[in-house]
Amino acid sequence: MQGGIQAFFSHNNVIKSAVLRHLRVAPPAALSLMFARHESTHATRMEEHGFESTTISDILQDKGKTADGSWLWCTVDDTVYDAVKSMTQHNVGALVVVKPGTGEHKSIAGIITERDYLRKIIVQGRSSKSTKVGDIMTEENKLITVTPDTKVLKAMQLMTDNRIRHIPVITEGGMIGMVSIGDVVRAVVSEHRDELNRLNAFIQGGY
């Protein structure tokens with residue numbers, strides 16, 4: 001996955017270079033006319049709608065409030081077996097871990113992932129049915145988080161640099177969801193495709 005992300009950015013740079021080369025081969029007079037016609041409004045529109053402006057909030061809206069993986073949780077007292085079973089049933093790679101208690105607003109204790117299960121249960125030969133989630137989870141104070149306003153490319157960079165595949169989304173009121181590296185990559189690829197279409201329309205005079 002890490003190599004795929006790097007390849008994506010490399011491919012993006014190649015395409016942009018090709019676009020610039022296309023612009024440079026046009027006659028200077030034509031370039032001046034084209035940029036005079038489009039510079040004030042269309043360049044602004046391209047920047048506003050480019051994939052650099054996409055945020056985590058956009059991803060959460062696309063996933064929807066009831067989407068599997070947007071807010072699935074277990075407690076610190078659940079067994080690792082039950083947590084992994086829940087991940088399998090919902091086809092996700094991580095669960096938010098909450099502290100025991102009642103009420104609508106639950107206190108976040110950490111996160112448990114497939115990687116935690118492999119490294120701390122399978123490799124160490126421990127029993128998933130007798131080990132509590134709280135014993136192997138990544139604790140709250142060690143979590144890397146984002147906010148709804150975080151740019152998608154920034155989130156991707158955080159996940160790549162820290163070699164993580166899931167990242168909680170936090171506001172002042174608490175956690176509102178979680179996104180995966182798959183969610184982030186899909187959002188970037190989608191916006192990247194749209195931006196290429198806009199660049200092509202810009203060159204063709206479609207704006």
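Computed from a predicted structure; not experimentally measured.
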For this session: Any chance you could lay out the side-chain contact (heavy atoms from CB on, under 4.5 Å) test for Val92 and Leu72, step after step, and finish with the verdict?
Result: CA-CA 9 Å; Val92 297; Leu72 294 173; 4.0 Å; yes

Exercise. Where do Val96 and Met175 land on the side-chain contact (heavy atoms from CB on, under 4.5 Å) test, with the steps shown first?
Worked result: CA-CA 9 Å; Val96 175; Met175 180 172 172; 2.9 Å; yes

Problem set entry | Derivation of the side-chain contact (heavy atoms from CB on, under 4.5 Å) call for Thr138 and Thr113 | CA-CA 8 Å; Thr138 300; Thr113 69; 5.9 Å; no

Problem set entry | Ile170 vs Ile176, side-chain contact (heavy atoms from CB on, under 4.5 Å): CA-CA, chis, key distance, verdict | CA-CA 6 Å; Ile170 304 293; Ile176 63 170; over 6 Å; no

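Both Val185 and Ile59 sit in one connected hydrophobic cluster of ILVMFWY residues. Membership requires side-chain heavy atoms under 4.5 Å apart, directly or through other members. Cluster annotation: Val133 and Leu118 are assigned to the same hydrophobic cluster (Ile/Leu/Val/Met/Phe/Trp/Tyr, side-chain heavy-atom contacts under 4.5 Å, transitive).
Taking a 6.0 Å sphere around CG of Asn91, one finds it holds 12 or fewer heavy atoms contributed by other residues, nucleotides or ligands.
A 4.5 Å side-chain heavy-atom check between Pro100 and Val76 finds at least one atom pair inside the cut-off. Between Val97 and Thr75, every side-chain heavy-atom pair lies at or beyond the 4.5 Å cut-off.
Remark: side-chain polar atoms of Asn162 are paired, donor with acceptor, to backbone N or O of Leu158 under 3.5 angstrom.
Met87 and Ile112 make their closest contact through CE-O, 4.2 Å (heavy atoms, listed as atom of the first residue, atom of the second, distance). In terms of heavy atoms, Ile108 sits closest to Glu140 at O-OE1, 3.1 Å. The two atoms that bring Ile167 and Thr145 nearest to each other are CG1-CA, 3.9 Å, heavy atoms only. Annotation for Asp183 and Arg186: closest pair OD1-NH2, 2.8 Å, computed over non-hydrogen atoms. The two residues Trp73 and Leu95 come nearest to each other via the heavy atoms N-CD2, 4.4 Å. The shortest heavy-atom contact between Ala155 and Val146 is CB-CG1, 4.2 Å.
To the nearest 0.5 Å, the span separating NE2 on His166 from OG on Ser180 amounts to 5.5 Å. Within the model, atoms CE of Met156 and NZ of Lys151 stand 15.0 Å from one another, a figure rounded to the nearest 0.5 Å. For the atom pair Arg163 CZ and Arg115 CZ, the distance stands at 8.5 Å (nearest 0.5 Å). From Ile181, atom CD1 reaches atom CE of Met159 across 4.5 Å, with rounding to the nearest 0.5 Å.
Using a 4.0 Å cut-off between charged nitrogen and carboxylate oxygen, Arg119 and Asp116 do not count as a salt-bridge pair.
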Side-chain atoms of residues 121-128: list all donor-acceptor pairs with protein atoms under 3.5 Å, sequence neighbours left out, distances to 0.1 Å.
| from | atom 1 | to | atom 2 | distance (Å) |
| --- | --- | --- | --- | --- |
| Arg126 | NH1 | Lys120 | O | 3.4 |
| Ser127 | OG | Lys129 | N | 3.3 |
| Ser127 | OG | Ser130 | N | 3.4 |
| Ser127 | OG | Ser130 | OG | 3.3 |

